[in-house]
Amino acid sequence: MGEAIVITSGKGGVGKTTTTANLGTALALQGKKVCLVDTDIGLRNLDLVLGLDNRIIYDLVDVVEGRCKIHQALVRDKRVDDKLFLLPAAQTTDKNAVTPEQMKSLVEELKREYDYILIDCPAGIEQGYKNAVAGADRAIVVTTPEISAVRDADRIIGLLEQESIEPPKLIINRIRKDLMKNGDALDINEITTHLSIDLLGIVIDSEDVISSSNKGEPIVMDPNSKASLGYRNIARRILGESVPLMSIEDHSKGMFKKLISIFSR
Amino acid sequence: MSKQLVHIKGTKEGLVLRLDDQCAYAELVEELERKVSEGSIDGKVDVQLHLGNRYLSNAQQEELIAIVQSPGNMHVSKVHSDVITIEESNERVLTEQRETYVGIVRSGQIIKADGDIVVIGDVNPNGKVEAGGSIFVLGNLRGIAHAGANGEKESIIVASHFEPTHVLIDNLIEVMSNEKPFVKENSDQIFAYINRDGIISYERLQEVRKIRPLLSTVKGGS
């Protein structure tokens, strides 16, 4: 029996979809069977980030309305051998095409076959959010060190606490070392004390993330990126390992140290 | 009629009308009308109505007040009754209760209480605590606090870290983005209350004892 994790944020553009794609890939690289579910019906783009957009035949709404079997709609990611699958969202309809009950039974069905089901939640707190949260056992809240993102994360945590799921965990995405040092961005401590939930991990802002997303290759495939390390650490924490929080400081470490850190992982 | 249904007594504060609580209401009205019309008082006088163990509806109370005030020189300052309905008593119990909320009041959440409320946790920006009585936050107050929401002007708002966006007491509202040098300099352990001039003001926690002595309910101590 697998575990369903919803990845949400409230605010848009903080990196829910990127996080879902990367955590999914990282978990699959660790040998887990992972299914990603895009619930952003009408505005799907998880398939693009994974580079699977041209292989979609059926989608989530087709499955829910019984036009196809669940396994027919799943798109396999060939790069991670038989471990990573995507259930894409429909693009031609809207979020009201699915009900929370339907989502719940769909996720239940997926849980029988997969170790992890990552649900990519749309922005907002309306129907799409309710659908995404319906089947989840755990929740991950993504935020960035901006006051607007933190405010929305606070709201969404409040809503998640009303649900009968485990207390949500936090990922702080797009950390800019320079801004944080100057005090121009909120620092990690400030955010965690304000939201007062457990920190699951941090991801350093990197241009590679954007370029790799555009290429349809999740950044975790590239072991040399600092952002990739952040996602890999989070994946290991999800699996129950205790990994110390990476430092945001040593951005310019030498080749030798880099090698050590790769081997010591 | 042998028994007097309306006793009139003079006190320093004015007249006290003690109304019999055993007779029929109609009889009482009749007697009261007679008593009031035959009285000859110079100038204005305050009158207190003592109803004893008789329960009157609001409409009946108003009728009695109207009768007393009809000659024009008497004014009813207070109606005193020894009985209340179960409903009123329940309401009173609720408003005197002190409720406790454990957790964080997050953005968009509203926590309400009929009486006082103790929040063990923070109140985050955009979160709101609304109480009929006073609000005590054992954490950071960074959201909105509305004390005395049902008109209790004696209510206060206390927080161990006092940095709200809005402070409301009774129907007064204060937006904290305005310059408040006192609050800015001493954001720890202060409280808000309505002062004698009827405006919201702020004071160190140590002053509560002086400003709201009735808040203390523990008897004794040395």
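All chains are named by letter (A, B, ...) in the order of the sequence lines, taking the proteins before the strands, and each is independently numbered beginning at 1. Fair warning: this is a prediction, and the values are worked out from it, not measured in the lab.
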Chain A neighbours within residues 135-166 of chain B, where any heavy atom lies under 4.5 Å away: B:Arg142
Residues, nucleotides or ligands: over 12 heavy atoms within 6.0 Å of A:Glu207 CD: no
More than 12 heavy atoms of other groups within 6.0 Å of A:Lys104 NZ: no
When A:Leu159, A:Leu195, A:Asp152 are compared by non-hydrogen pairs under 4.5 Å with chain B, the top option: A:Leu195
Residues of residues 97-107 of chain B within contact distance of chain A, non-hydrogen under 4.5 Å: B:Ile104, B:Arg106, B:Ser107
A:Gln162 atom CD, neighbour heavy-atom count above 12 within 6.0 Å: yes
Gap separating the NE2 atom of A:His194 from the CG atom of B:Asn124, nearest 0.5 angstrom: 4.0 Å
Crowding at CD1, B:Ile173 (>12 non-hydrogen neighbours, <6.0 Å): yes
